[in-house]
Number of protein chains: 2
Amino acid sequence: MTGDDEPATRMNWRDFEKDPLPPLLRTAVQTFVAHGYHGTSTRTLAAAANMSVPGLYHHFASKQAIIVAIMDHAMDDLWRRSDAALAEAGSDLDQQLRLHVECLALFHAHRKELAFLAATELRSLEPVARARHIAARDRQERMLVEILRTGTAHGAFVVADPRQAARAMITMCTGVSQWFDAAGPLSAAQIAEDYAGYAERIVRR
Amino acid sequence: MTGDDEPATRMNWRDFEKDPLPPLLRTAVQTFVAHGYHGTSTRTLAAAANMSVPGLYHHFASKQAIIVAIMDHAMDDLWRRSDAALAEAGSDLDQQLRLHVECLALFHAHRKELAFLAATELRSLEPVARARHIAARDRQERMLVEILRTGTAHGAFVVADPRQAARAMITMCTGVSQWFDAAGPLSAAQIAEDYAGYAERIVRR
DNA sequence: CGTCGGACCGAGCGAGCGTTCGGTAGCCTC
DNA sequence: GAGGCTACCGAACGCTCGCTCGGTCCGACG
């Protein structure tokens with residue numbers, strides 16, 4: 001082991017060019033978003049990927065494994081982006097908050113289907129995967145709580161309850177995945193900037 | 001017709017004593033929250049209500065009719081409460097915003113299962129009911145947008161995009177239904193007050 | 001040239017699904 | 001006390017579900 005918490009080259013957390021998801025999972029994401037996990041049959045999944053049902057089972061052990069792969073990818077992608085955003089902010093607490101919220105909003109706009117599933121299909125995961133997903137969600141939440149707590153301790157922010165404020169900010173960003181429209185009047189970048197502003201105002205002295 | 005947009009006695013929108021939902025629907029809400037609409041069978045629904053499957057079909061025409069009754073009740077209850085809150089606020093714009101957000105947060109805390117379903121099971125509704133639910137959601141959103149727009153026009157608030165700010169506030173409150181715990185350290189009333197504060201800060205001059 | 005393994009498919013398995021049929025038990029009315 | 005109503009239930013219908021069996025095709029390798 002080499003202590004891998006500081007990768008040599010950090011990802012560009014603002015880059016959403018293409019999602020490296022294999023085509024089968026990409027079509028599965030869209031189908032699950034439209035009808036939900038239990039509302040989608042393996043036949044529908046196979047048809048969406050231009051494949052037979054056994055063809056699908058060649059790549060994944062079960063329908064459950066498909067949703068698990070999607071959810072894991074979502075949580076991993078968000079975590080790596082927000083980790084990179086924190087690194088970019090350095091020790092400036094205001095900047096840490098701004099970039100974290102910007103990162104959250106960008107993710108929920110650019111990866112809206114993925115983010116929607118991550119928020120919606122928790123209950124469709126079997127116990128092991130569910131526990132893992134909850135842990136990832138909690139770790140993600142803790143990152144923002146820590147920013148708010150440190151900022152409050154150093155007098156940069158005024159927050160009565162950092163955990164509650166973090167939840168308000170996170171669910172505010174989560175909501176973006178429900179209504180964002182790439183063809184709409186607001187770009188993801190504009191929304192992210194506005195949301196960073198909302199977060200700042202919530203904690204302003 | 002007597003012009004019924006001003007009922008003689010308005011409901012007390014802060015009172016959440018008991019939900020007037022019949023027992024069958026009450027148990028259905030909990031089961032749907034746990035497993036989702038498509039993840040719940042009519043046999044499970046019947047067992048949760050201590051009933052046989054035909055017994056369940058005596059009260060509702062179909063499984064779909066059960067979810068529709070629940071969703072309609074949720075949207076109607078929220079609408080009547082926020083309507084009453086607006087009436088209580090009178091013409092004071094700051095108060096309109098405060099009470100509206102307080103009402104939203106209270107609803108999503110006290111009726112967390114109901115609110116969770118309303119936000120989550122839209123895609124499980126068949127076209128007619130779905131259209132009705134979307135219309136109700138839009139009407140609900142428009143109410144807050146109007147408050148923000150009027151407040152901005154009168155110089156009470158500073159909001160670049162009322163629609164976007166309204167969505168941020170609404171999804172912030174929607175999130176309460178995902179993590180609120182009646183046995184937790186924060187009461188619904190405390191949360192509602194904090195959230196009204198967040199909303200105020202977002203639009204503050 | 002042979003055979004090996006990855007990528008896939010048609011057909012079908014048992015289980016569970018939403019729904020319905022033909023009842024029964026208890027109560028109220030005339 | 002006959003008839004009708006509400007509130008149910010056991011059994012089963014036709015269908016779809018997740019999943020698997022026993023293949024075929026095809027490019028890579030020796």
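Throughout, protein chains are lettered first and strands after them, A, B, ... in sequence-line order, and every chain is numbered starting at 1.
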With sequence neighbours left out, what residues match B/His110 under ring-ring contact (aromatic ring centres under 6.0 Å, His included)?
-> B/Phe16
Boundaries of the DNA chain C segment in contact with chain B, non-hydrogen, under 4.0 Å = C/dC17 to C/dC21
When rounded to the nearest 0.5 angstrom, what distance separates CG in B/Asp181 from CG in B/Leu186?
-> 10.0 Å
Those residues that, when tested against B/Phe107, pass ring-ring contact (aromatic ring centres under 6.0 Å, His included) (two or more places apart) | none
With sequence neighbours excluded, give me every side chain to side chain donor-acceptor pair (under 3.5 Å) pair touching residues 94-109 of chain B.
-> B/Arg14-B/Glu102, B/Arg98-B/Glu200
Across all chains, not counting sequence neighbours, the side chain to side chain donor-acceptor pair (under 3.5 Å) partners of A/Arg130 are none
Sequence neighbours left out, what passes side chain to side chain contact (heavy atoms under 4.5 Å, CB included) with B/His73? Give chain and number order.
-> B/Asp19, B/Pro20, B/Leu21, B/Leu114
A/Phe157: partners by ring-ring contact (aromatic ring centres under 6.0 Å, His included), with sequence neighbours left out | none
Going 5' to 3' along DNA chain D, which nucleotides are the first and last within contact of chain A (any atom under 4.0 Å from a heavy atom)?
-> D/dC17 to D/dC21
Give, ordered by number, those residues of residues 30-48 of chain B having at least one heavy-atom distance below 4.0 Å to an atom of DNA chain D; if nothing qualifies, reply none.
-> B/Arg43
Take B/Leu125 and B/Gln64, measure what side chain to side chain contact (heavy atoms under 4.5 Å, CB included) needs, and give me the verdict at the end.
-> CA-CA 7 Å; B/Leu125 295 180; B/Gln64 176 72 199; 3.9 Å; yes
So the salt bridge (Lys or Arg N to Asp or Glu O under 4.0 Å) pairs with at least one residue in residues 185-199 of chain B (sequence neighbours excluded) are none
Please indicate whether B/Arg26 has more than 12 foreign heavy atoms, meaning atoms of other residues, nucleotides or ligands, lying under 6.0 Å from its CZ.
-> yes
In residues 52-60 of chain A, which ones come under 4.0 Å of DNA chain D, going by heavy atoms?
-> A/Val53, A/Pro54, A/Tyr57
Does some side-chain heavy atom of B/Gln164 sit less than 4.5 Å from a side-chain heavy atom of A/Trp179?
-> yes
With B/Thr31 via side chain to side chain contact (heavy atoms under 4.5 Å, CB included) - residues at least two apart | B/His35, B/Thr40, B/Thr44, B/Leu45, B/Ala48
